[in-house]
Peer 1: 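Below you'll find the structure I mean.
Just so it is clear, the values below take in all heavy atoms, side chains as well, and ignore hydrogens, waters and symmetry mates. Labels below follow one simple rule: chain letters A, B, ... track the order of the sequence lines, proteins then strands, and each chain is numbered from 1. Because the structure is a prediction, the values reported are computed rather than measured.
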Protein chains: 2
Amino acid sequence: MYSQAEENYLKTIYNLESRQGSEVSTNLIASKANTKASSVTDMLKKLAAKNLVQYKKYQGVHLTELGRKSALKVIRKHRLWESFLVQKLNFKWDEVHDIAEQLEHVKSEVLIEKLDAFLKYPKLDPHGDPIPDAHGRTILNKTVVISAMKIGSAGVFVGVRDSSSEFLQYLNKKNLALGDRIKVIDIEPFDGSFHIETRTHRLVITKSVAENLCLKNVK
Amino acid sequence: MYSQAEENYLKTIYNLESRQGSEVSTNLIASKANTKASSVTDMLKKLAAKNLVQYKKYQGVHLTELGRKSALKVIRKHRLWESFLVQKLNFKWDEVHDIAEQLEHVKSEVLIEKLDAFLKYPKLDPHGDPIPDAHGRTILNKTVVISAMKIGSAGVFVGVRDSSSEFLQYLNKKNLALGDRIKVIDIEPFDGSFHIETRTHRLVITKSVAENLCLKNVK
DNA sequence: CGAAAAATTTAGATATAACTAAAAATATAT
DNA sequence: ATATATTTTTAGTTATATCTAAATTTTTCG
Ligand SMILES: [Mn+2]
Ligand SMILES: [Mn+2]
Ligand SMILES: [Mn+2]
Ligand SMILES: [Mn+2]
């Protein structure tokens, strides 16, 4: 079907497009993909030729329906493999992303359907991200990032926006785990850092950390 | 570590070398790898530069100790993944080879050790092939191919030399499965075909099929 | 042995997916 | 609005892994 490079671009464009609405720029893709703008341009032309993106020179891209569906298939595979690694092989949530980056490119429809069944059709991956079903549908997971919360409000920590092992290891060290109830105690006006509280402890997190923690049932 | 192409060549050379003793020729590798002799020559130079094979122009290659160990690692991964696919995901033995060809190239030492533990350290894969342990050691699996047997001798069918889905589907159709007791009833002098008998039925197999069925405890 | 056949290597080309440096288009700011 | 800065594209290069066709070496055989 598509090459690994193509699949990785589809995923990157999909993620940028969801968290952004509008057209995605060449430079933005390049920085997320750790590559150069000129490489991105080359690939965008190739993806456009395959009807995966709509591309107008200098105007950025957005995914076509085919591109969106293809991206969701890759994301489905990535998240199912991450679930497998944590649930069945006893990996920790901060250890699975890089391995799933490789496993997601294995080509076999029946493999992924059998894996899904083996895992009993999980709805969320180990990072709280929704797993698309075979048709690309996900449950809606209405969450609020801490950085958007007001002093005194609280919710349940159910997801992260950054699944890098560095960030997850930081959360481990700070004793923050999915399922924790978190309350915003104070917001520092000077640097935008957040004073938060869990059932067991209080701590201060920077604004950029606060932007990557997703809470549910915020009141 | 090594590229997919390099790993595939190592596996091919390892298999040819085991079933052959002596140096492996360029053309033989080319035919097994479904590629051209000139491509093989290019790759042999690269493998030699990485100290994976000993290569003398026009004289064929054999694996170095590093090459042998590296090949066994790939074979270990291939057979563990095949075992996973059959034992955990309910694939049939004729459906797993091509998927394992992809999975075997996933890079992660810890992944394969955890997979091995999850499967409870299997010693044989679904085709009766021994699975090397983390140090490259395998149980000895002393078998005889039917084509080497005499009329009247019998044994237990424990392995195949060809794991292609075409061959395995042929065996399914002929109702031959691992564990069956097989007896040689007659050998046709004209074309070398074998008349064999299981507990449940008799059939005739060609010489080339007989060369790919491995039996244990032959008497 | 020496010629013909077979096997192997070399030379040159192609495709993919990167890169750097330069050119072109777009955005911004005075 | 025009000059400057930023973004994006183009042109040309590199590395990997293939291929075909031609040259070279080895093997086989009369
Ligand atoms: Mn991930
Ligand atoms: Mn994830
Ligand atoms: Mn196999
Ligand atoms: Mn096998």
Peer 1: May I ask you to check if B:K50 and B:Y2 form a cation-pi contact, with NZ or CZ under 6.0 angstrom from the six-membered ring centre and within 45° of the axis?
Peer 2: no

Peer 1: Which one, C:dA18, C:dA24, D:dT18, comes nearest to the side chain of B:A5?
Peer 2: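 So the side chain of B:A5 is nearest to D:dT18.
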
Peer 1: Please report, rounded to the nearest Å, how far the C1' atom of C:dT28 is from the OH atom of A:Y58.
Peer 2: 17 Å

Peer 1: Under 6.0 Å from the six-membered ring centre of A:F91 and within 45° of its axis: does the NZ or CZ of B:K114 meet both?
Peer 2: yes

Peer 1: Between C1' on D:dT16 and CD on A:Q4, what's the gap in Å once rounded to a whole number?
Peer 2: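 Computing the A:Q4:CD to D:dT16:C1' distance gives 14 Å.
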
Peer 1: Got a sec? Which of residues 28-44 of chain B come in under 4.0 Å of DNA chain D, heavy atoms?
Peer 2: B:T35, B:K36, B:S38, B:S39, B:D42

Peer 1: Both conditions, 6.0 Å and 45 degrees, for the charged tip of A:K88 above the ring of A:F118: are they met here?
Peer 2: yes

Peer 1: Can you check the A:K56 NZ to D:dT9 P distance for me, whole Å?
Peer 2: 13 Å

Peer 1: Given C:dT9, D:dT10, C:dA18, which nucleotide is nearest the side-chain atoms of A:Y9?
Peer 2: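 The answer is C:dA18, which lies nearest to the side chain.
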
Peer 1: Are the side chain of A:R79 and the backbone N or O of A:P130 linked by a donor-acceptor pair below 3.5 Å?
Peer 2: yes

Peer 1: Would you mind telling me which of D:dT10, D:dT9, C:dA7 lies closest to the side-chain atoms of B:N27?
Peer 2: C:dA7

Peer 1: If I take atom CG in residue A:N8 and atom C1' in nucleotide C:dT16, what distance separates them, rounded to the nearest angstrom?
Peer 2: 14 Å

Peer 1: Ignoring hydrogens and angles, tell me if any N or O in the side chain of B:T35 forms a donor-acceptor pair with the backbone of B:S31 under 3.5 Å.
Peer 2: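 Not at all, since once roles are kept as given, no pair shorter than 3.5 Å links the two residues.
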
Peer 1: Should the pair B:K92-B:E95 be classified as a salt bridge under the 4.0 Å nitrogen-to-oxygen rule?
Peer 2: no

Peer 1: Using atom CD of A:Q59 as one end and atom C1' of C:dA24 as the other, report the distance to the nearest whole Å.
Peer 2: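 Interatomic distance, CD of A:Q59 to C1' of C:dA24: 14 Å.
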
